[in-house]
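Scroll down for the structure; my scribbles are underneath it.
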Amino acid sequence: QVQLVESGGGSVQAGDSVTLSCAASGGPFSSTFSRYRMGWFRQAQGKERELVAAINWDGSRSIVVDSVKGRFTISRDFAKNTSPLQMSSLKPEDTAVYYCAAALGDGLLTESQFYHYWGQGIPVTVSS
């Protein structure tokens, strides 16, 4: 069974740091995790899902959106088949449900409709 499982979320204070993990397992991820580019998205209450960060197949290229630039970093750990999202200097406006996603291919992918696999989402609440 193909799975993307997020972990590490919760309730934090403004200014705190949190690392979200996205563990990929099953099916194609078992032996070919490196063939997938990864992305992190978030959806705040009452808003549309938006891209937060994306990374290419080998981890050599990544992007983050302007609202989190300098605070969030996406990476890959091929030994563990994970794609962490390190978040620092958190703000109340970062409060959302965060989703990781995977898509076959090598380049950066920013459009959510082209991702093949999604995690179930994990909430992050930042209090002021």
Side-chain angles (χ1 to χ4, degrees):
Q1 182 180 358
V2 175
Q3 277 191 315
L4 291 176
V5 180
E6 302 97 339
S7 61
S11 296
V12 298
Q13 296 293 314
D16 282 353
S17 298
V18 168
T19 295
L20 302 183
S21 181
C22 175
S25 64
F29 295 136
S30 299
S31 59
T32 58
F33 179 61
S34 61
R35 294 180 61 189
Y36 287 79
R37 50 244 174 111
M38 305 295 294
W40 279 95
F41 293 78
R42 68 185 180 186
Q43 187 168 19
Q45 192 169 7
K47 296 186 177 180
E48 293 188 354
R49 189 174 299 186
E50 63 174 357
L51 174 74
V52 176
I55 192 165
N56 70 337
W57 68 285
D58 65 355
S60 61
R61 296 174 58 207
S62 65
I63 58 169
V64 295
V65 297
D66 287 345
S67 59
V68 305
K69 195 164 292 182
R71 301 189 297 120
F72 290 15
T73 303
I74 187 173
S75 60
R76 303 193 64 152
D77 185 334
F78 293 102
K80 298 179 180 179
N81 273 16
T82 62
S83 183
L85 180 69
Q86 296 173 282
M87 308 187 295
S88 63
S89 302
L90 283 162
K91 304 175 180 180
E93 51 263 43
D94 294 318
T95 295
V97 177
Y98 285 73
Y99 300 87
C100 71
L104 190 65
D106 53 8
L108 292 171
L109 185 61
T110 60
E111 296 87 357
S112 61
Q113 64 265 35
F114 297 119
Y115 278 87
H116 304 120
Y117 301 103
W118 289 85
Q120 80 286 355
I122 190 164
V124 174
T125 303
V126 184
S127 302
S128 59

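Counting begins at 1 with the first residue of the sequence. Keep in mind the model is a prediction, meaning the values are calculated, not measured.
- Nearest heavy-atom pair across Ser112 and Trp118 is O-CZ2, 3.4 Å.
- Across every non-hydrogen atom of Ile55 and Ser62, the tightest pair is CG1-CB, 4.0 Å.
- Between the CG atom of Asp106 and the OG atom of Ser34 there is a distance of 11.0 Å, given to the nearest 0.5 Å.
- The ring-ring contact (aromatic ring centres under 6.0 Å, His included) check on Tyr98 picks up nothing, with sequence neighbours excluded.
- Within the structure, the salt bridge (Lys or Arg N to Asp or Glu O under 4.0 Å) test picks out no pair touching residues 113-128 (sequence neighbours left out).
- For Gln120, the side chain to side chain donor-acceptor pair (under 3.5 Å) criterion is met by Glu6, not counting sequence neighbours.
- With sequence neighbours left out, Asp58 forms a side chain to side chain donor-acceptor pair (under 3.5 Å) with Asn56, Ser60.
- Side-chain contact between Leu90 and Phe72 is present, with at least one heavy-atom pair separated by less than 4.5 Å.
- Considering Val64, Leu20, Leu85, Ile63 as possible partners of Val52, the one that fulfils the side chain to side chain contact (heavy atoms under 4.5 Å, CB included) test is Leu85.
- Transitive grouping of hydrophobic side chains (ILVMFWY, heavy atoms separated by less than 4.5 Å) keeps Tyr117 and Val5 in distinct clusters.
- Checked by atom type and distance alone, the side chain of Trp40 pairs as donor or acceptor with a backbone atom of Ser83 at under 3.5 Å.
- Side-chain atoms of Tyr99 do not come within 3.5 Å of backbone N or O of Gln43 as any donor-acceptor pair.
- Not a single donor-acceptor pair under 3.5 Å links the side chain of Thr82 to the backbone N or O of Ala23.
- Here the OH atom belonging to Tyr36 is positioned 10.0 Å from the CG atom belonging to Leu4, to the nearest 0.5 angstrom.
- Cluster annotation: Trp57 and Phe33 are assigned to distinct hydrophobic clusters (Ile/Leu/Val/Met/Phe/Trp/Tyr, side-chain heavy-atom contacts under 4.5 Å, transitive).
- The two residues Pro92 and Ala14 make their nearest non-hydrogen contact at CD-CB, 4.2 Å.
- The salt bridge (charged side-chain N to carboxylate O under 4.0 Å, His left out) search around Arg61 returns none, not counting sequence neighbours.
- For the atom pair OG of Ser7 and CD1 of Ile122, the computed distance is 6.0 Å after rounding to the nearest 0.5 Å.
- For the salt bridge (Lys or Arg N to Asp or Glu O under 4.0 Å) condition, the pairs that include at least one residue of residues 79-103, sequence neighbours left out, are Arg42-Asp94, Arg71-Asp94.
- The environment of CD in Glu111 is crowded: more than 12 heavy-atom neighbours from other residues, nucleotides or ligands sit within 6.0 Å.
- Taking the ring centre of Phe114 as origin, the terminal cationic atom of Arg37 falls outside the region bounded by 6.0 Å and 45° from the ring axis.
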